[in-house]
Amino acid sequence: MKRERIEEIAEILDKRGKMSLEQLEEVFPNVSQMTLRRDLFQLEEDGRIIRIRGGAMSVKEVQKVSGEAYTKKTTINTDAKIVIAQKAARLIDEGVCLFLDGGTTAMYLSKEMPDIKCNVFTNGIAVAMELAQKKNVNITVVGGQLMKDNLSTSSPAATEYFERTNFEIAVVSATAFTPEQGFSCNSQVEAELLKQCFKKARQVYMMLDSSKIGKINPYTFARITDIDVLITDDHFPREFKELFEKNNIVVM
């Protein structure tokens, strides 16, 4: 019975793409909300859905726009990314102009962001598509070569574009961090783009889940002292938190 219900939930999500927990309760009126939550946890562990705030999204829905590589990333450390995204969303005020990168944590942030009047520059295709569902958010997508593994764009032309653009906040993430090598990524062109964003922004918010600590990627785009706020999860090591705080960085 349980397995049949879980399969039915998966099939419904595949058809509809995305559903809230309340919508699932309407479909299964005799099943408690707690049981439905456990079913969603099981489906996420099976790699068939992605839990989002208040509901779930079919992996097939994500694959329509992102492909297998990006979809796989969205299912890694989901809980931490959602926690970070919720924290970051609280820092975005009406009327702000900001840059948002194309990482999977940024994709979760685009879901959590309030539908308020603001201007968002992004090099993330999935991020832009999620933001497009909000009526009041103005979106500018920066062009360039498409990097399929994270569904984002970057190019020297995009870096030059930001020389003529103004925004107050840069909200970015890193795929790796060590105190010695700083924040790093896998693309040199993307690293140069992020460096330019840091120069333009008045404040830099770094979204970093604890799984990225101790990893090193080829291209460093920032050091500890380059950021103003670190947004992380509950498993972030205390010694690293103290390191950031010693450098006058707010840790959330």
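Along the sequence shown, residues are numbered consecutively beginning with 1.
- At a threshold of 4.5 Å between side-chain heavy atoms, the hydrophobic network of Ile, Leu, Val, Met, Phe, Trp and Tyr places Leu109 and Val83 in two separate groups.
- Salt-bridge check for Asp226 with Arg223: failed, with every basic side-chain N at 4.0 Å or more from each acidic carboxylate O.
- Between Lys117 and Glu94 there is no salt bridge, since no side-chain nitrogen of the basic residue lies less than 4.0 Å from a carboxylate oxygen of the acidic one.
- Once rounded to the nearest 0.5 Å, the distance linking CD of Glu112 with CD of Gln86 reads 4.5 Å.
- No side-chain donor-acceptor contact under 3.5 Å links Asn247 to the backbone of Ile249.
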message: Run the side chain to side chain contact (heavy atoms under 4.5 Å, CB included) test on Val120 and Asn138 for me, step by step, so that the C-alpha distance in whole Å, both residues' side-chain angles and the decisive distance to 0.1 Å come before the verdict.
response: CA-CA 6 Å; Val120 178; Asn138 294 319; over 6 Å; no
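- Heavy atoms only, all atoms of each residue included: Met107 and Ser110 are closest at O-OG, 2.5 Å.
- Under a hydrophobic-cluster definition in which Ile, Leu, Val, Met, Phe, Trp and Tyr are linked whenever side-chain heavy atoms come within less than 4.5 Å, directly or via other members, Tyr219 and Phe198 are assigned to different clusters.
- Electrostatic pairing of Lys81 and Asp209 does not count as a salt bridge here, judged by no charged N lying under 4.0 Å from a carboxylate O.
- With a 4.5 Å cut-off on side-chain heavy atoms, Asn123 and Leu193 count as touching.
- Within the 3.5 Å criterion, the main-chain N or O of Ala222 finds no donor-acceptor partner in the side chain of Thr220.
- Ile216 and Phe240 fall into different hydrophobic clusters, where Ile, Leu, Val, Met, Phe, Trp and Tyr residues are linked whenever their side-chain heavy atoms come under 4.5 Å apart, directly or through other members.
- In this structure, the separation between CD on Glu8 and CG on Leu24 is 10.5 Å, given to the nearest 0.5 Å.
- Separating the CD atom in Glu11 from the CG atom in Leu13 is a distance of 10.5 Å, to the nearest 0.5 Å.
- Taking the six-membered ring for Trp and thresholds of 30 and 60 degrees, Phe121 and Phe167 have ring planes inclined between 30 and 60 degrees apart.
- The one candidate from Phe99, Phe183, Tyr205 that meets the side-chain contact (heavy atoms from CB on, under 4.5 Å) condition with Val172 is Phe99.
- For the atom pair CD1 (Ile6) and CZ (Arg38), the distance works out to 10.0 Å, reported to the nearest 0.5 Å.
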message: Could you go through Leu98 and Glu168, starting from their C-alpha distance and side-chain angles, then the distance that decides it, and tell me whether this counts as side chain to side chain contact (heavy atoms under 4.5 Å, CB included)?
response: CA-CA 6 Å; Leu98 61 93; Glu168 298 166 68; over 6 Å; no
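- Side-chain contact check for Lys215 versus Phe177: every heavy-atom pair is 4.5 Å or farther apart.
- With rounding to the nearest 0.5 Å, the separation of CG in Asp233 from CE in Met252 is 13.0 Å.
- Annotation: side chain of Ile169 is in contact with side chain of Val96 (closest heavy-atom distance under 4.5 Å).
- The CE atom of Met206 sits 11.0 Å away from atom OG1 of Thr105, with the distance rounded to the nearest 0.5 Å.
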Side chain to side chain contact (heavy atoms under 4.5 Å, CB included) evaluation trace for Cys185 with Phe221: CA-CA 7 Å; Cys185 63; Phe221 62 87; 4.0 Å; yes
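- Between the side chain of Ser184 and the backbone N or O of Asn217, at least one donor-acceptor pair lies under 3.5 Å.
- Using modelled atom types, no side-chain atom of Glu190 and backbone atom of Ser187 make a donor-acceptor pair closer than 3.5 Å.
- Between the Thr232 side chain and the Leu208 main chain, a donor and an acceptor come within less than 3.5 Å of each other.
- A salt bridge links Glu192 with Lys195: the distance from a Lys NZ or Arg NE/NH1/NH2 to an Asp or Glu carboxylate oxygen falls below 4.0 Å.
- Considering every non-hydrogen atom in both Ala89 and Pro114, the closest pair reads O-CD, 4.0 Å.
- One finds a salt bridge joining Glu7 and Arg3 here, because a Lys/Arg side-chain nitrogen approaches an Asp/Glu carboxylate oxygen to under 4.0 Å.
- Counting heavy atoms from C-beta outward, Lys200 and Asn166 have side chains that approach closer than 4.5 Å.
- The backbone N or O of Asp115 sits nowhere less than 3.5 Å from a side-chain atom of Lys135 that would complete a donor-acceptor pair.
- Of the possible polar contacts, one joining the Asp228 side chain to the Val204 backbone as a donor-acceptor pair under 3.5 Å is found.
- Distance alone, capped at 3.5 Å, is enough to place a donor-acceptor pair between the Asp101 side chain and the Ser173 backbone.
- A 4.5 Å side-chain heavy-atom check between Leu131 and Met113 finds at least one atom pair inside the cut-off.
- The shortest distance between side-chain heavy atoms of Leu21 and Leu40 falls below 4.5 Å.
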- request: List the steps and the verdict of side chain to side chain contact (heavy atoms under 4.5 Å, CB included) for Ile12 and Ile9.
  value: CA-CA 5 Å; Ile12 294 172; Ile9 292 173; 5.7 Å; no
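- Contact check for Val251 versus Ile231: no side-chain heavy atoms found under the 4.5 Å cut-off.
- Side-chain contact between Leu230 and Phe236 is present, with at least one heavy-atom pair separated by less than 4.5 Å.
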